[in-house]
Amino acid sequence: MAQQAYMTETDNGGSGPERPVSRLRRLAHRLFGGWRGDPGIWRRGLVTAALALLLALVMVVHSRIPNRLGNLGSLIETFLPWLGLAILALLVLGVVRRSATALIALLLPAIVWLNLFGGLLLSDKSGTGGDLVVATHNVNADNPDPAATARDVSASGADMVALEELPASAVPVYASALKATYPYHAVEGTVGLWSKYPMSQVQAVDIKLGWKRAMRATVSTPDGLVAVYVAHLPSVRVKLEAGFTARQRDKSADALGEAIADETLTRVVLLGDLNGTMNDRSLNAVTSQLRSTQGAAGSGFGFSWPAAFPMARIDQIMVKGVEPESSWTLPRTNSDHLPVAARVKLDMPS
């Protein structure tokens, strides 16, 4: 009696463990194999397709969404990059529903999102040149170890460091920890500036709060004078009954913008916690005059808050009359914000 042998064949013609490519092929077949010849792929997923088109519309007209209702426009603009997650969620839903209509509709919000933010992710704009390194950090008034935070920030190699949310009791601690690296410093209210270079014309900037949370100083760098502003704009809140409450922040931003507009020096650097992103139209008084170093020379979004899971870049370095070369976030400290730093070129060709 003839003996018959049975053998399981694999893609390479022999027996053995299944290759990963085979598993991927089988998964793809499960997801897409039943689509051919299925007329329902055009009828299913109409709601998903409608949501995709609505998402694209929100991203296109975000600057025109009114702020009259709970500052809705500013709230959307603050977290605008995260709408990319909504695109991914709709993509998964479209695949699960086997809807060609939904997947085609999703091309529109994907293109809009890439047009808005793709440049931050798909290109490396960072450089190594520049004449001056600056850093800013909201150190948190309840910081349990100010000295350690000061050492962490100074380790960045910055020529100037701005600190915000400084309680009066902690100022001597920060001053002592930074003294060896930064022989010049000034504090106005709850903000301060530490510098390797001499400072003059230090004064508080009135941002309509009733107490000092902004300052200006002239810094004498080897390449000339630079006007340096340090600011901590009021916090914003998201409340169910009131929406995105930012009226005081917006008022202070307008006042800061007026001060910068009156600046007589041509080279200006703004460091601080603005409690808003570059997309927020309520900061136009400031953002219309200055360039974001992250937007001009950074890679990625550079989110700085909250430190445990950064979702927005509200800590800003902005410049005028100088050229951003690179911009980045620094390692986490004891604060609820990440420090941010930038390298700029002062000696620009005229």
Side-chain angles (χ1 to χ4, degrees), residues 119-121 123-139 149-150 152-164 178 181-182 191-197 199 214-219 221-233 256 260 263 265-279 283 286-287 289-305 307 310 312-333 335 337-348:
L120 292 172
L121 300 178
S123 63
D124 183 5
K125 298 179 290 184
S126 60
T128 57
D131 314 301
L132 188 73
V133 178
V134 297
T136 182
H137 189 24
N138 180 325
V139 295
T149 296
D152 290 341
V153 176
S154 64
S156 66
D159 300 300
M160 291 188 294
V161 171
L163 301 181
E164 304 86 47
L178 295 171
T181 305
Y182 305 100
V191 298
L193 179 64
W194 276 257
S195 173
K196 294 180 179 179
Y197 308 121
M199 295 190 294
M215 62 177 287
R216 178 213 177 273
T218 297
V219 178
T221 76
D223 293 289
L225 301 179
V226 181
V228 180
Y229 288 78
V230 182
H232 182 194
L233 298 187
L256 178 61
I260 293 172
E263 177 58 53
L265 293 181
T266 58
R267 294 187 288 195
V268 179
V269 174
L270 169 62
L271 308 166
D273 174 5
L274 302 189
N275 270 305
T277 68
M278 293 298 97
N279 295 315
L283 298 182
V286 175
T287 57
Q289 302 184 68
L290 306 170
R291 299 173 67 193
S292 163
T293 59
Q294 184 66 26
S299 294
F301 294 108
F303 294 149
S304 63
W305 178 88
R313 185 180 177 89
I314 63 175
D315 301 275
Q316 308 292 350
I317 299 176
M318 306 187 70
V319 299
K320 179 173 70 173
V322 304
E323 185 66 24
E325 293 289 332
S326 56
S327 188
W328 64 96
T329 57
L330 296 170
R332 185 178 180 183
T333 69
S335 173
H337 291 241
L338 293 179
V340 298
R343 185 183 296 272
V344 300
K345 186 177 182 179
L346 300 178
D347 187 17
M348 294 174 59

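Computed over heavy atoms, backbone and side chain alike; hydrogens, waters and symmetry mates excluded.
- With a 4.5 Å cut-off on side-chain heavy atoms, Thr221 and Met160 do not count as touching.
- Considering all non-hydrogen atoms of both residues, Ala227 and Arg216 come closest at CB-NH2, 3.8 Å.
- Of all the heavy atoms in Ser154 and Leu178, the pair that sits closest is CB-CD2, 3.8 Å.
- In this structure, OH in Tyr182 is found 12.0 Å from CE in Met199, a value given to the nearest 0.5 Å.
- Between the side chain of Thr293 and the main chain of Ile317, a donor-acceptor pair closer than 3.5 Å is present.
- Two residues are said to be in side-chain contact when any heavy atoms from C-beta on lie closer than 4.5 Å; Gln316 and Leu270 fail this criterion.
- Using a 4.5 Å heavy-atom cutoff, the side chains of Val340 and Arg313 are in contact.
- Taking all atoms of both residues into account, the shortest heavy-atom contact from Ala135 to Leu330 is CB-CD1, 4.4 Å.
- In this structure, the side chains of Glu164 and His337 stay at 4.5 Å or more apart for every pair of heavy atoms.
- For the atom pair CG of Asp131 and CG of Leu346, the computed distance is 5.0 Å after rounding to the nearest 0.5 Å.
- The CG atom of Leu256 sits 7.0 Å away from atom CG of Leu274, with the distance rounded to the nearest 0.5 Å.
- Taking the side chain as every heavy atom from C-beta outward, Met318 and Leu283 never approach each other to under 4.5 Å.
- Here the closest heavy-atom approach between residue Ser304 and residue Asp315 is recorded as OG-OD2, 2.6 Å.
- You'll find the side chain of Asn275 reaches within 4.5 Å of the side chain of His232, heavy atoms only.
- Within the 4.5 Å cutoff, the side chain of Val226 has no heavy atoms near those of the Val322 side chain.
- Taking CG of Asp273 as the reference point, atom CG of Leu163 lies at 12.0 Å (rounded to 0.5 Å).
- Rounding to the nearest 0.5 angstrom, the gap separating the CG atom in Asp159 from the CG atom in Leu132 is 5.0 Å.
- Taking every heavy atom of both residues into account, Arg291 and Pro324 meet most closely at NH1-CD, 3.5 Å.
- The shortest side-chain heavy-atom distance between Val133 and Ser156 does not fall under the 4.5 Å cut-off.
- Not one N or O on the side chain of Arg343 forms a donor-acceptor pair closer than 3.5 Å with the backbone of Glu325.
- Here the shortest heavy-atom pairing between Pro331 and Leu338 reads C-CD2, 4.4 Å.
- Residues His137 and Thr149 bring no donor and acceptor atom of their side chains to less than 3.5 Å of each other.
- For the atom pair CD of Gln294 and OG1 of Thr277, the computed distance is 12.5 Å after rounding to the nearest 0.5 Å.
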